[in-house]
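Residues: numbered from 1 along the sequence shown.
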Amino acid sequence: MSSCSINWLLLLSLVICSFSSTSGAFSKTHVLIYNDIGTGTQLAVHCKSKDDDLGLYVLAYRQSYEFSFHRDFFLKTLFFCNMQWNGTVYRFDIYNQKRDDYRCGDRCEWNVHGDGACLLNPQTSKFDICYGWNT
């Protein structure tokens, strides 16, 4: 066998091993959304991707909603949510693989408040990575 063939076999083996590991491209990512709008305020959440409509969920204050999916090998996974309370609708990219893949790995937890959403930072254990609503 030539050295070129051996290098391709080694590369293929590494790719297969990375896909089969628990943190590989075929593992599921979980997204949790917490309602932190305010006491007594319900949050209506309707999330979608290009291929999936996850439906409408209504969360009481401090209640959460979770969904999971398999990430795209080419970093193209995108889920966006319409969030509504007090008659106003806001839009937010709740999972953008290019932004979130390395930041939260297999679990992204979001705390939704009036100004946008904050991601749980695994380094500080606080919701301190914050984004405003999409325009």
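- In this structure, the side chains of Ile129 and Tyr131 come closer than 4.5 Å at one or more pairs of heavy atoms.
- Remark: side-chain polar atoms of Asn121 are paired, donor with acceptor, to backbone N or O of Gln123 under 3.5 angstrom.
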With a cut-off of 3.5 Å and sequence neighbours excluded, list every side-chain donor-acceptor pair involving residues 60-68.
residue	atom	partner	partner atom	Å
Arg62	NH1	Asp36	OD1	3.2
Gln63	OE1	Ala60	N	2.8
Glu66	OE2	His30	ND1	3.3

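- In this structure the side chain of Cys81 reaches within 4.5 angstrom of the side chain of Ile33, judged on heavy atoms.
- At least one donor-acceptor pair under 3.5 Å links the side chain of Trp133 to the backbone N or O of Gly114.
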- Could you go step by step and tell me if Thr29 and Arg71 meet the side chain to side chain donor-acceptor pair (under 3.5 Å) rule? CA-CA 7 Å; Thr29 296; Arg71 297 183 301 269; 2.5 Å; yes
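- Between Tyr95 and Cys108, some side-chain heavy-atom pair lies under the 4.5 Å cut-off.
- Under the 6.0 Å cut-off for aromatic ring centres, Trp85 and Tyr90 qualify, their centroids lying closer than that.
- Residues Phe74 and Gln97 are not in side-chain contact: their nearest non-hydrogen atoms beyond the backbone lie 4.5 Å or more apart.
- A salt bridge links Arg91 to Asp93: at least one charged side-chain nitrogen sits closer than 4.0 Å to a carboxylate oxygen.
- With a 4.5 Å cut-off on side-chain heavy atoms, Val45 and Gln84 do not count as touching.
- Counting only heavy atoms from C-beta outward, the side chains of Phe69 and Phe79 approach each other to under 4.5 Å.
- Residues Val112 and Asn35 form no side-chain contact, since every pair of their non-hydrogen atoms from C-beta on lies 4.5 Å or further apart.
- Proximity of Gln42 to Leu59: side-chain heavy atoms (C-beta onward) are nowhere separated by under 4.5 Å.
- Salt-bridge formation is not detected for the pair Lys28/Asp106: no Lys NZ or Arg NE/NH1/NH2 atom is positioned less than 4.0 Å from an Asp or Glu carboxylate oxygen.
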